[in-house]
Trainee: 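This structure is in structure tokens; I'll ask about it shortly.
Every value quoted in this text rests on a predicted model; they were computed, and no experiment measured them.
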Amino acid sequence: MTGLDGTHAAASVVALHCSLGSGRQWTKLAAALGGDRFMAPDISGYGVAACGRDWPRTLDGEIARLEPWLARADGPIHLIGHSYGGAIAFRLATTSPYAQHVRSLTLIEPVLPALLRDTPADARLYDRFTRIAQIVSRDIVDGAVMEAVEAFTAFWAGSGPREQFSPSGRLRMIEQADKLPCDFSAALDLDGVAEAARALKVPALLLSGGLSPYVTQRIVAKLATLIDGAELRHLPGAGHMLPVTHADRVNPEILRHIWRAEELTNLELANLELAKLELAADAGPAEAAQPAGSARRHLVFRRPSFWE
């Protein structure tokens, strides 16, 4: 893609994983994308970022911990987030300092419970989410970590079959479960989700699974009505871990979404260049030769819409 100054503006892809996961969950997507501008950082408390106990309890705090990674994306960003990583991605794309750099957004069952507080039917789902947050957090405080992991994984299994974890996988979850109360706190802390979703102007792809907890299915359905032009993909036979269990169906959708966003950006830039040429052709010789600081500067140097 060519920038306004005529140089190549390469976009990065940043993918954020779920709680108790790591950036390794995006291995197949990384292989499908190729290139060296794909980043799947470990969210604080997980993977290589599991060290320490001073973890953020807000999504803004999570974003601050990701800044060393985000700083490497020195151009536009295609942002992908799953579950808790989806909540962080939503915050990144709406109200963070990085929002202006987001070229496309893919959310896979993001944990944005504030969307479920506005109607009695949805409020019951919100209450169910807060109850599981309390159960898991209380078990961890009481030292019943295995019970906390069992309650957490049972909730996210939804109506699908219980996932069978390897001994090493279960041990890793037990070792990292102390972070879960912070994740719940950060997700429940976020307000103004509906307003931020309505204001979102970048191409958005939303994915959900029919076997997932109805909490996240409902969140995705509500986001689809709030985000202008959002594309919705629902996989009836998939559960909450669909980017892993159904990568063969999810990843092509993500790739198509990124390519469409790139095509849209190129079209906008082409239209911008055409408008500049038409403006120069319509202007008189003296007017066309105005210095950059003239009163018509904004017509010549106006940024394309995806930066706004």
Trainee: Do Asp228 and Leu200 have side chains that approach each other closer than 4.5 Å (heavy atoms only, starting at C-beta)?
Mentor: no

Trainee: Taking the side chain as every heavy atom from C-beta outward, state whether Leu223 and Leu112 have any pair of such atoms under 4.5 Å apart.
Mentor: yes

Trainee: Which heavy atom of Ala87 sits nearest a heavy atom of Leu59, and at what distance?
Mentor: O-CD1, 3.7 Å

Trainee: Passes salt bridge (Lys or Arg N to Asp or Glu O under 4.0 Å), Glu253 versus Arg256? Steps please.
Mentor: CA-CA 5 Å; Glu253 293 289 350; Arg256 278 192 289 269; 3.2 Å; yes

Trainee: With side chains defined as the heavy atoms from C-beta onward, is the minimum distance between Cys18 and Ile43 less than 4.5 Å?
Mentor: no

Trainee: Taking all atoms of both residues into account, what is the closest heavy-atom pair of Trp55 and Ala50, and its distance?
Mentor: CZ2-O, 3.7 Å

Trainee: If you look at every heavy atom in Ala151 and Ile135, which pair is closest and at what distance?
Mentor: CB-CG2, 4.2 Å

Trainee: For Pro203 and Ala261, work out which heavy atoms get closest and say how close.
Mentor: CG-CB, 4.2 Å

Trainee: Donor-acceptor check, side chain of His257 to backbone of Glu231, threshold 3.5 angstrom: yes or no?
Mentor: no

Trainee: What distance do Ile227 atom CD1 and Leu206 atom CG have between them, rounded to the nearest 0.5 Å?
Mentor: 5.0 Å

Trainee: Return yes if a side-chain donor-acceptor contact under 3.5 Å exists between Ser19 and Lys179, otherwise no.
Mentor: no

Trainee: Could you give the distance from NE2 (His234) to CG (Leu242), rounded to the nearest 0.5 Å?
Mentor: 10.0 Å

Trainee: Pick from Phe152, Phe155, Trp156: which one makes a ring pair (Phe, Tyr, Trp, His ring centres under 6.0 Å) with His240?
Mentor: Trp156

Trainee: Determine whether the side chains of Arg91 and Thr95 contain a donor N or O and an acceptor N or O closer than 3.5 Å.
Mentor: yes

Trainee: Return the minimal non-hydrogen interatomic distance between Leu255 and Ala32, and the atom names on each side.
Mentor: CD1-CB, 3.9 Å

Trainee: Could you give all pairs that pass the side chain to side chain donor-acceptor pair (under 3.5 Å) test and reach residues 134-152, with sequence neighbours left out?
Mentor: Glu150-Arg162

Trainee: Is Leu16 reachable from Leu70 through a run of I, L, V, M, F, W or Y residues, each pair having side-chain heavy atoms under 4.5 Å apart?
Mentor: yes

Trainee: Heavy atoms, side chains only, cut-off 4.5 Å: are Ile63 and Tyr98 in contact?
Mentor: yes

Trainee: Quick check: does any side chain N or O of Lys28 sit under 3.5 Å from a backbone N or O of Ala247, one acting as donor and the other as acceptor?
Mentor: no

Trainee: Side-chain contact, heavy-atom cut-off 4.5 Å: Val102 with Leu92?
Mentor: no

Trainee: Could you measure the distance from the CG atom of Leu79 to the CG atom of Leu107? Nearest 0.5 Å is fine.
Mentor: 7.5 Å

Trainee: Evaluate His246 against Met241 for side-chain contact (heavy atoms from CB on, under 4.5 Å), listing each step before the verdict.
Mentor: CA-CA 8 Å; His246 290 68; Met241 292 303 296; over 6 Å; no

Trainee: Would you mind reporting whether Val111 and Phe90 have side-chain heavy atoms less than 4.5 Å apart?
Mentor: no

Trainee: Hydrophobic clusters here meaning ILVMFWY residues chained together by side-chain heavy-atom distances under 4.5 Å, can you tell me if Ile219 and Val193 are in one?
Mentor: yes

Trainee: Do any N or O atoms from the side chain of Ser83 and from the backbone of Gly85 form a donor-acceptor pair under 3.5 angstrom?
Mentor: no

Trainee: Assigning hydrophobic clusters by single linkage (Ile, Leu, Val, Met, Phe, Trp, Tyr; side-chain heavy-atom cutoff under 4.5 Å), is Leu190 placed with Leu180?
Mentor: yes

Trainee: Once you round to the nearest 0.5 Å, how far does CG of Leu115 lie from OG1 of Thr216?
Mentor: 12.0 Å

Trainee: For Ile80 and Leu29, run side-chain contact (heavy atoms from CB on, under 4.5 Å): C-alpha distance rounded to whole Å, both residues' side-chain angles, the deciding distance at 0.1 Å, then the answer.
Mentor: CA-CA 11 Å; Ile80 304 161; Leu29 179 61; 3.7 Å; yes

Trainee: Evaluate side-chain contact (heavy atoms from CB on, under 4.5 Å) for Leu116 paired with Val215, printing each intermediate quantity in order.
Mentor: CA-CA 8 Å; Leu116 303 175; Val215 168; 3.8 Å; yes

Trainee: Going by atom types alone, do Tyr126 and Asp118 pair a side-chain donor with an acceptor below 3.5 Å?
Mentor: no

Trainee: Looking at CZ of Arg117 and CZ of Phe129, how far apart are the two atoms once the value is rounded to the nearest 0.5 Å?
Mentor: 11.5 Å

Trainee: If you compare all heavy atoms of Met39 against all heavy atoms of Ala73, which two are closest, and at what distance to 0.1 Å?
Mentor: CE-CB, 3.6 Å

Trainee: Is there a side-chain contact between Val136 and Val149, using heavy atoms and a 4.5 Å cut-off?
Mentor: no

Trainee: Other residues, nucleotides and ligands only: do more than 12 of their heavy atoms fall within 6.0 Å of CG on Asp248?
Mentor: yes

Trainee: Would you tell me whether Thr119 and Asp122 have side-chain atoms, one donor and one acceptor, within less than 3.5 Å of each other?
Mentor: yes

Trainee: Report the C-alpha separation of Val220 and Leu207 in whole Å, then their side-chain angles, then the decisive distance to 0.1 Å, and conclude whether the side-chain contact (heavy atoms from CB on, under 4.5 Å) test is met.
Mentor: CA-CA 7 Å; Val220 170; Leu207 296 108; over 6 Å; no

Trainee: Give a yes or no on whether Phe38 and Val244 share a hydrophobic cluster (residues Ile, Leu, Val, Met, Phe, Trp, Tyr; joining criterion: side-chain heavy atoms under 4.5 Å apart).
Mentor: no

Trainee: Just by distance, with hydrogens left out, do Glu109 and Ser212 show a side-chain donor and acceptor under 3.5 Å apart?
Mentor: yes

Trainee: Under the rule for side-chain contact (heavy atoms from CB on, under 4.5 Å), what residues qualify as partners of Arg198, not counting sequence neighbours?
Mentor: Ala194, Glu195, Leu226

Trainee: Roughly how far, to the nearest 0.5 Å, is CE of Met146 from CG of Leu171?
Mentor: 10.5 Å

Trainee: Could you walk me through whether Arg37 and Asp74 pass salt bridge (Lys or Arg N to Asp or Glu O under 4.0 Å), step by step?
Mentor: CA-CA 10 Å; Arg37 297 188 70 85; Asp74 53 2; 2.9 Å; yes

Trainee: With distance as the sole criterion, is a donor-acceptor pair present between the side chains of His78 and Ser104 under 3.5 Å?
Mentor: yes

Trainee: Whether the side chain of Arg103 engages the backbone of Ile258 through a donor-acceptor N/O pair (distance < 3.5 Å, no angle test) should be reported.
Mentor: no

Trainee: Taking NZ, NE, NH1 and NH2 as the nitrogens, is one of them in Arg65 or Asp42 under 4.0 Å from a carboxylate oxygen of the other?
Mentor: no

Trainee: Tell me if the aromatic rings of Phe184 and Tyr84 count as close, with their centers under 6.0 Å from one another.
Mentor: no

Trainee: Identify whether Ile140 and Leu20 are in the same connected component of the hydrophobic contact network (ILVMFWY, side-chain heavy atoms under 4.5 Å).
Mentor: yes

Trainee: For a 4.5 angstrom cut-off between non-hydrogen side-chain atoms, does Thr245 reach Val250?
Mentor: no

